Structure formats: C-alpha cells, structure tokens
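Note that this is a predicted model, so its numbers are computed, not measured.
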There are 2 protein chains.
Amino acid sequence: MRYHRSDVVERAVEVLDAYGLASLTMRRLGAELGVQPSALYHHFLNKQTLLAAVADEILARGRRPRTASSWDGLVAEVCRELRDSMLAYRDGSDVVATVYAFGLGAAGPVEELTEVLADAGCSDELAAVGSRTLLHFVFGHTYEEQTALQANSVGAIDLPARSSQFDLGLALVVDGLRARVGATVRV
Amino acid sequence: MRYHRSDVVERAVEVLDAYGLASLTMRRLGAELGVQPSALYHHFLNKQTLLAAVADEILARGRRPRTASSWDGLVAEVCRELRDSMLAYRDGSDVVATVYAFGLGAAGPVEELTEVLADAGCSDELAAVGSRTLLHFVFGHTYEEQTALQANSVGAIDLPARSSQFDLGLALVVDGLRARVGATVRV
DNA sequence: ACCTGAACACCGTTCAAGT
DNA sequence: ACCTGAACACCGTTCAAGT
C-alpha cells in the first residue's frame, strides 16, 4: 500500500480502459488502490495533472519507430500513430484531446508535426498552422470514430471503411499542405 | 417566477457569457432565475439537453445571410460564421463543440457544409468526410483561439493575425477539397 | 403547467495528524 | 515519503407534493 507516482498512473489507465473517463474519479481511483482519495494528492497536484500523466502514458505506449523518408510519409505516420494510440484505450481520444486543449500535456505529436513541416521547408507560420490543423483533424475524427465504436456494441463491423475515411480526411489536409510546400521549396 | 423553456435558455446564455461554462450549473442557473434547481427539470430532460439548447441558441444568434455563389466561397462563409458565432460568447466553442460531439445538437453547420460540397459535385463520401474535416478544423482552431483570448486579459492585441491564421488553415483544407472536386467534375 | 422541499448518491480538494 | 480521517463546499437528479 505504498505507491509511486507511476503506479498510480498505471492503475488510472486500467480504470480508464475498464470503466471509462466518467468513472475515473479521484475517489474511485483511491478505492481501486486501497487508499484514501486524499493520498493521491501526495503524487499529483490535482486531477488535471493526473489526467495529463494518463494522456502522456497512453501516447508513450503507442509509440513506434518512423520508417518514412518523405515529409508527407512522416506526417501520415505521426497522425496514424496518434489515432491508433488513442483508439487503444477506452475514451482515449477524449482524455488526450482534453489534456492537449488544457495545455497540460500530449504536446508530443504536434511538436513532431511542426518539426516535420519545418524540415520540409514550410515557413514558421505554415508549419504552426499546418501541424495544428492536422492535429485538430486527428482529434476530431478519432473522437467521433471512438464514440461511434463504443456506441455500437459491435463496432468492428466496417473497420476498413473507417480507416479509409481517416486516410481520405488526412489526404485532404496533406494535399493542401503539398500545394503550399511545393510553392516554397523544391526538394 | 413562471418561466418558459426559452426564458431558461436565454438566462443560461447570459450566465455562460458572464461566468463561464464551469459556473453554468443547474443549481446556479436555478438561483439566477429565483427557482429551485429541480424546477429546471420541468423544462429539460437533463443538463445535456439544456446545454444543447444553449449551443443551438448561440448558433441561431450568429446566423447571417449567404452571399457567395461559388462552393468554396460558401464553405468559407459557413466556417467563418461558425467561428464568429462561437467567439461571441464566453466558452462558446467549448459548449458548441461538446454538444456536437455528444450528437445532441449544433448539427446545422456540418449539414450545410455537406450540402454545399454535394452540390459542388463531391461524392457522398467526400462530402461527408470533407464537411467533418472542415468542422473539426473550425472547432479545434476556434477552441484554441478562444482559450488563448480568455487567458490573456488583453487578448485583442493581434486579432488580425489570428484571423489570418484561421484563413490559412481553412485554405489548407479547401485546397485539398478543390483538388478532388476538380478531379470529379468541372463547373 | 410550473414549482417547492427534501433527499440520494455522488464530486474535487484541503489539512492536521499519523508512521 | 506516503498515507489517514474528517471536513468543506459543492455537483446532477429524483420525486412526492403543492398551486
């Protein structure tokens, strides 16, 4: 009954995946650990901070190596990894998007996207706007996807169709970027 | 002390704008109307339903006539109107995006965008994916914008710069759409 | 039709005190 | 360093009863 911060985060991820974000309360998590809710405040400043750690843990677990060499290939890899990471846990997109929106964590993907676009020759402004536009697409699309998946008990029906919708939406933004990257540099 | 549903919605919008979404509780709203919180359940099934009505009210107040004749001009008008509508009230983007995400309301913009894209000759799939990608962009961008605006007490500093970032992000998606609309039909 | 009053089953957070 | 126990100040929602 003596925990480290990382123990608490891991248990929080389990509770999230098993019972959903609405059930991930400080009181519930405390009970799950056999500890008073107030004990959690020894490890975390508040619930937001705990949630940020949960979001970062989810992203860390979904990490995989980059293989693409082109900027648009890298963009696709980052966006797909982000989507898959969030889909791997119940309410994952809700947690990650919320934490990002609050500016408390989950900033890795947008930073990597910004870097990829900058390396591709985008101006600072285009890299900033482009990476955030990509992120908004991934968050919004994945959230809707996950909501629908969890609503239908049998959500795995047309998984390929969903995946291709993601690719189509992604291509929309990437095509827009390509037109403007091409106008700036030639690689 | 005898209210209609519309009275409650209007007061809710006032409370939202004055004190923020976190303060828009059933108890607070009841107190503001000089009524028990339980009285609100005569007008609304639950808080979610009330929030949906608030979101739809915000969108209705921001409505303005269409002037563009081209599909991309119409897309820009719908997206700008949506952004401006949400920015007009404190936490407006939070309320509208949440209600939309829960599927309880705020569906007008995405329906109009889908129609515009279909009329432009997009396939059903492209119209569906494209309109939702646009919506995700507008929600995500405006939410970040509004959060930043409300954090800086003097958020009006570089309003033109923010507006042009919105236009740039929007152009990214519209350019991607144009490439695919053009591939399908010639207008 | 619209509202009251009281209750139920919860929240996040703080803080003095323990080991 | 990590946790207890008790409290504070809240939530959304239900429901019998009132007018």
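- With respect to E77(A) and R64(A), no salt bridge is recorded, no charged nitrogen being found less than 4.0 Å from a carboxylate O.
- T25(B) and A22(B) get closest at one heavy-atom pair: CG2-O, 3.7 Å.
- Q36(B) and Y41(B) share no donor-acceptor pair across their side chains, judged by distance under 3.5 Å alone.
- Atom CG in L33(B) sits about 8 Å away from atom P in dC3(C), given to the nearest Å.
- For Y3(A) and E10(A), the side-chain atoms include no donor-acceptor pair closer than 3.5 Å.
- Rounding to whole angstrom units, CZ of residue R2(A) and C1' of dG18(C) are separated by 11 Å.
- In summary, R178(B) and D175(A) do not engage in a salt bridge, as defined by a charged side-chain N under 4.0 Å from a carboxylate O.
- Rounded to a whole Å, the OH atom of Y41(B) is 21 Å from the P atom of dA17(D).
- Between Q165(A) and R132(B) there is a side-chain heavy-atom pair separated by less than 4.5 Å.
- Taking both residues in full, the closest heavy atoms of F44(A) and L50(A) are given as CD2-CA, 3.7 Å, listed atom of the first, atom of the second, then distance.
- Using a 4.5 Å heavy-atom cutoff, the side chains of F166(A) and R83(A) are in contact.
- Straight-line distance from the CE atom of M26(A) to the P atom of dT13(C): 6 Å, rounded to whole Å.
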Filtered N/O pairs between nucleotides 5-10 of chain C and protein, under 3.5 Å:
unit_1	atom_1	unit_2	atom_2	d
dG5(C)	O6	S38(B)	OG	2.7

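- Taking the side chain as every heavy atom from C-beta outward, R61(A) and V13(A) approach each other to under 4.5 Å.
- The gap from the C1' atom of dC2(C) to that of dA17(D) amounts to 13 Å, rounded to the nearest Å.
- Within the 4.5 Å cutoff, the side chain of L104(B) has no heavy atoms near those of the T49(B) side chain.
- Sorted by residue number, the members of residues 42-52 of chain B with any non-hydrogen atom under 4.0 Å from DNA chain C read H42(B), H43(B).
- Between dC11(D) and dC8(C), the two C1' atoms lie 12 Å apart (nearest whole Å).
- Rounded to whole Å, the separation between the P atoms of dA9(D) and dC10(C) comes to 22 Å.
- A donor-acceptor pair shorter than 3.5 Å cannot be found between the side chains of R27(A) and S38(A).
- In DNA chain C, runs of at least 3 stacked Watson-Crick or G-U pairs (N1-N3 plus N6-O4 or O6-N4, or N1-O2 plus O6-N3, all under 3.5 Å) give these stems: C:4-8 with D:12-16, C:12-16 with D:4-8.
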